[in-house]
Amino acid sequence: MGYLLITTFIWAFSFGLIGSALKGLDPLQLADTRLLIALLVFLPFLKLTNTNYREKLQLILIGAIQYGLMYTCYLSAFRFLPSHLVALFSVFTPLYIVIMNDLQARSFTPWYVLASLLSIAGALVIKVGNIDSNDFWLGFGLMQISNLAFAFGQLVYRDWKLSRPQVKDSSVFGFLYIGAAVFTCAATILISKQSPIPIDGTASQWGALIYLGVVASGLGFFFWNKGATQTNVGVLAVFNNAVVPLAMFTSLFIFGEAQEVSLEELIKLLAGSVLIILALTIAQKKQNLNG
């Protein structure tokens, strides 16, 4: 669970950084640049000899879906929805993880479902806002594709790695970034009609992009998928929303947005955080009983 916790803190700080330092950049260029940098970070660790052709292709496809398709749909949703609705519609990922896992196992796990629903309730309490977008359903659909892609990738990589304990995560993770970078590069060219990277970005923007590519996307996704192989599906599902209260706190008190937030919104943040912590406790207790 430690890897998931570390990544949660990393991603919580990333929200404020993106909002303050990278305004004006095309969202698909941002996604592609982060993934290309992450690929460069993991290329030196990539080993070609410990996987066969089929396994390499499997990893490339997992990366294209979990990171490439997820980023493309998630960031494209901003074209049709305000940011608070994009955030709101991201809270279904934990439930998708549990449903996919139960379908795969042909079983029903009520404790995991309860933990996921509590997690979703906590995030909804924090994020809920007015729904007034004319492109509501298109944006909603894009977000659900994004959520499904991220949930699918987490579970499939988890199963892939658990069936190959002799393979080190670091030796194969570059294949995931190859798939992701190819997908987002194509999406940037075809959808945004721009170069894959923001050539005219400022020095401060490139500094933020390098940090996000190396730490948030590179180490973050690596730690997240590695952590997914070391915990149960319930904890994994809940951690997908645990970043929400931490991201809110960092944006409020580190990036200086507290003066714009009312007392009512702060109460919602506290209430939502309590629900998410309760959900994590339930999932962790279930893991301890199984272990």
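None of the values given here were measured: they were computed from a predicted structure.
The hydrophobic cluster containing L57 also includes L61, under a criterion of side-chain heavy atoms closer than 4.5 Å among ILVMFWY residues, counted directly or through chains of members.
For F152, the ring-ring contact (aromatic ring centres under 6.0 Å, His included) criterion is met by no residue, not counting sequence neighbours. With sequence neighbours left out, the side chain to side chain donor-acceptor pair (under 3.5 Å) criterion links Y96 to Q144. The side chain to side chain contact (heavy atoms under 4.5 Å, CB included) search around A149 returns I65, L69, M70, not counting sequence neighbours. With sequence neighbours excluded, the residues satisfying side chain to side chain donor-acceptor pair (under 3.5 Å) with S192 are D26, R79. Scored by the side chain to side chain contact (heavy atoms under 4.5 Å, CB included) test, R106 finds no partners at all (sequence neighbours excluded). Partners of A216 by side chain to side chain contact (heavy atoms under 4.5 Å, CB included), not counting sequence neighbours, listed by chain and number: I10, W11, S14, R34, L212. Residues satisfying the side chain to side chain contact (heavy atoms under 4.5 Å, CB included) test with L95, not counting sequence neighbours, are I99, S116, L117, I120. Taking Y67 as the reference, Y177, F221 meet the ring-ring contact (aromatic ring centres under 6.0 Å, His included) condition, with sequence neighbours excluded. Residues meeting the side chain to side chain donor-acceptor pair (under 3.5 Å) test with T33, sequence neighbours left out: none.
Applying the salt bridge (Lys or Arg N to Asp or Glu O under 4.0 Å) rule to pairs touching residues 162-186 yields E55-R164, D169-K226, sequence neighbours excluded. For the salt bridge (Lys or Arg N to Asp or Glu O under 4.0 Å) condition, no pair includes a residue of residues 177-203, sequence neighbours left out.
For the 3.5 Å distance criterion, the side chains of T51 and K56 qualify, holding a donor opposite an acceptor. There is a side-chain donor-acceptor pair under 3.5 Å between S171 and N50.
There is a path of hydrophobic side-chain contacts, each under 4.5 Å, that joins L48 to L39.
The backbone N or O of C73 sits nowhere less than 3.5 Å from a side-chain atom of S146 that would complete a donor-acceptor pair. Under a 3.5 Å cut-off, the side chain of R158 and the backbone N or O of A228 do form a donor-acceptor pair.
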Take L40 and V214 through the test side-chain contact (heavy atoms from CB on, under 4.5 Å) and record every step on the way to the result. CA-CA 9 Å; L40 292 176; V214 173; over 6 Å; no
List the steps and the verdict of side-chain contact (heavy atoms from CB on, under 4.5 Å) for W224 and F150. CA-CA 11 Å; W224 192 264; F150 195 51; 4.0 Å; yes
Could you walk me through whether Q154 and I97 satisfy the side-chain contact (heavy atoms from CB on, under 4.5 Å) test, starting with their C-alpha distance in whole Å, then the side-chain angles of each, then the deciding distance to 0.1 Å, before giving a yes or no? CA-CA 8 Å; Q154 292 176 65; I97 289 176; 3.8 Å; yes
Walk me through whether F239 and T8 qualify under side-chain contact (heavy atoms from CB on, under 4.5 Å). CA-CA 8 Å; F239 260 106; T8 298; 3.4 Å; yes
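Looking at heavy atoms from C-beta onward, Q66 lies out of side-chain contact with V156 at the 4.5 angstrom threshold.
Surrounding OH of Y211 are more than 12 heavy atoms belonging to other residues, nucleotides or ligands, all under 6.0 Å away.
Using a 30° and 60° split on the angle between ring planes, F222 and F173 fall in the perpendicular class, above 60°. In this pair, Y157 and W160 present their aromatic rings parallel. The plane angle is below 30°, not in the 30 to 60° band.
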